[in-house]
2 protein chains.
Amino acid sequence: MEYTRENISTKLRNHGINPTHQRIEIAHALFSRHEHLSADQVMAIVNTRHAETSKATVYNTLRLFLEKGMIRELVVDPTKIFFDPNTTPHHHMYEVDTGRLSDIHGDIQITGLPPLPPGLVTEGVDLIVRVRHAS
Amino acid sequence: MEYTRENISTKLRNHGINPTHQRIEIAHALFSRHEHLSADQVMAIVNTRHAETSKATVYNTLRLFLEKGMIRELVVDPTKIFFDPNTTPHHHMYEVDTGRLSDIHGDIQITGLPPLPPGLVTEGVDLIVRVRHAS
DNA sequence: AGGATAATTAGACAAAGTCTAGTATTTTGT
DNA sequence: ACAAAATACTAGACTTTGTCTAATTATCCT
Ligand SMILES: [Mn+2]
Ligand SMILES: [Mn+2]
Ligand SMILES: [Zn+2]
Ligand SMILES: [Zn+2]
């Protein structure tokens with residue numbers, strides 16, 4: 001699938017989001033790469049050519065995409081949040097010494113989780129394998 | 001096991017940590033409760049009676065305990081780190097709407113993890129079940 | 001005791017993220 | 001097409017978590 005401006009506009013509309021210039025730019029930054037990006041990185045990408053999008057808009061828009069379920073938030077680095085354009089269930093590997101974050105592919109099974117206390121619903125199950133480069 | 005000052009001093013020495021007044025207070029805050037605490041909460045607990053321990057010392061000491069493997073760090077809340085006095089492998093449940101963090105007990109098995117790329121070693125596997133209170 | 005070393009401190013600083021109040025753009029209704 | 005209303009964007013102040021520095025204090029050793 002190609003991430004043209006037109007396709008991205010459609011995707012935004014499908015999620016109930018009004019496709020504005022800034023929102024298209026931010027969505028494009030996230031979906032055309034297949035990486036996990038921080039708000040700061042999104043900000044930098046979107047403003048490479050010439051400054052067009054403010055910090056407030058980057059943060060607001062990422063929140064909006066999250067609420068609408070278009071992206072996913074990863075809390076894995078103590079200093080910043082990463083945003084993941086892939087919302088299908090998958091797990092992550094985090095290199096603690098370099099800060100690199102990548103997907104784990106394969107058929108991972110988690111068994112033995114006790115039932116939830118009543119009144120609680122699962123929002124997601126995050127599995128993070130923390131690794132580091134050998135001595 | 002009782003967490004007297006004496007027992008805590010011994011525990012610190014066993015981890016190669018010089019037991020000072022502040023370090024004993026901080027360790028006591030963590031180990032006498034069986035909760036996951038943020039730096040801020042540790043700070044508040046340690047300084048309830050009268051201010052005795054500075055912010056710098058709280059942060060430095062928590063880092064030190066971490067390095068020495070006496071406590072564990074949990075990156076789960078986007079705004080702050082939690083410290084866990086329980087270093088044995090176990091997993092967590094995080095209530096996203098209240099910020100409450102608790103242990104998951106039971107025999108959880110994770111299968112199907114692909115082998116690590118060469119040169120990388122596992123530091124830990126964190127499983128976080130994110131839950132929220134039903135609508 | 002006295003010198004060396006280790007630990008603590010106040011407060012400046014940094015970075016991520018939020019908020020506000022004003023401006024610009026887009027949409028809606030006629 | 002036009003005006004009014006609603007939505008979106010912005011600069012920059014502000015907040016919070018955490019780090020750093022340089023000076024002070026406590027501890028250790030002979
Ligand atoms: Mn940055
Ligand atoms: Mn706090
Ligand atoms: Zn991912
Ligand atoms: Zn725990």
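Because only heavy atoms are used, hydrogens play no part in the values below, and waters and symmetry mates are left out as well, while side chains stay in. Per chain, numbering begins at 1; letters A, B, ... match sequence-line order.
OP1 or OP2 of C:dG17 has at least one side-chain nitrogen or oxygen of A:Y59 nearer than 4.0 Å.
When hydrophobic clusters are built by joining Ile, Leu, Val, Met, Phe, Trp and Tyr residues whose side-chain heavy atoms come closer than 4.5 Å, directly or via intermediates, A:V96 is not grouped with A:V129.
The CG atom of B:L127 sits 6.0 Å away from atom CD1 of B:I104, with the distance rounded to the nearest 0.5 Å.
For the pair B:H21/B:E52, a side-chain contact is recorded, criterion being any heavy-atom separation below 4.5 Å from C-beta on. In this structure, B:L30 and B:F65 have side chains that are in contact, with non-hydrogen atoms separated by less than 4.5 Å.
In this structure, the CG atom of B:D77 is 14 Å from the C1' atom of D:dG18, given to the nearest Å. One can place CD1 of B:I17 at 17 Å from P of D:dT27, the figure rounded to the nearest angstrom. Distance, A:M43 CE to D:dA11 C1': 11 Å, rounded to whole Å.
For A:D126, the salt bridge (charged side-chain N to carboxylate O under 4.0 Å, His left out) criterion is met by A:R72, B:R130, not counting sequence neighbours. Checked against ring-ring contact (aromatic ring centres under 6.0 Å, His included), A:H91 has no partners two or more places apart in sequence or in another chain. For A:D103, there are no salt bridge (charged side-chain N to carboxylate O under 4.0 Å, His left out) partners, not counting sequence neighbours.
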Which donor-acceptor pairs under 3.5 Å do side chains of residues 22-29 of chain B form with protein atoms, sequence neighbours excluded?
| from | atom 1 | to | atom 2 | distance (Å) |
| --- | --- | --- | --- | --- |
| B:R23 | NH1 | B:N18 | O | 3.0 |
| B:E25 | OE2 | B:R5 | NH2 | 3.0 |
| B:H28 | NE2 | B:R5 | NH1 | 3.3 |

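Between its two ends, the helix from C:dA1-D:dT30 to C:dT30-D:dA1 turns its axis by 30°, counting five pairs per end and rounding to 10 degrees.
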Base versus backbone protein contacts along nucleotides 6-11 of chain C [heavy-atom cut-off under 4.0 Å; B, S, -] | -SSBB-
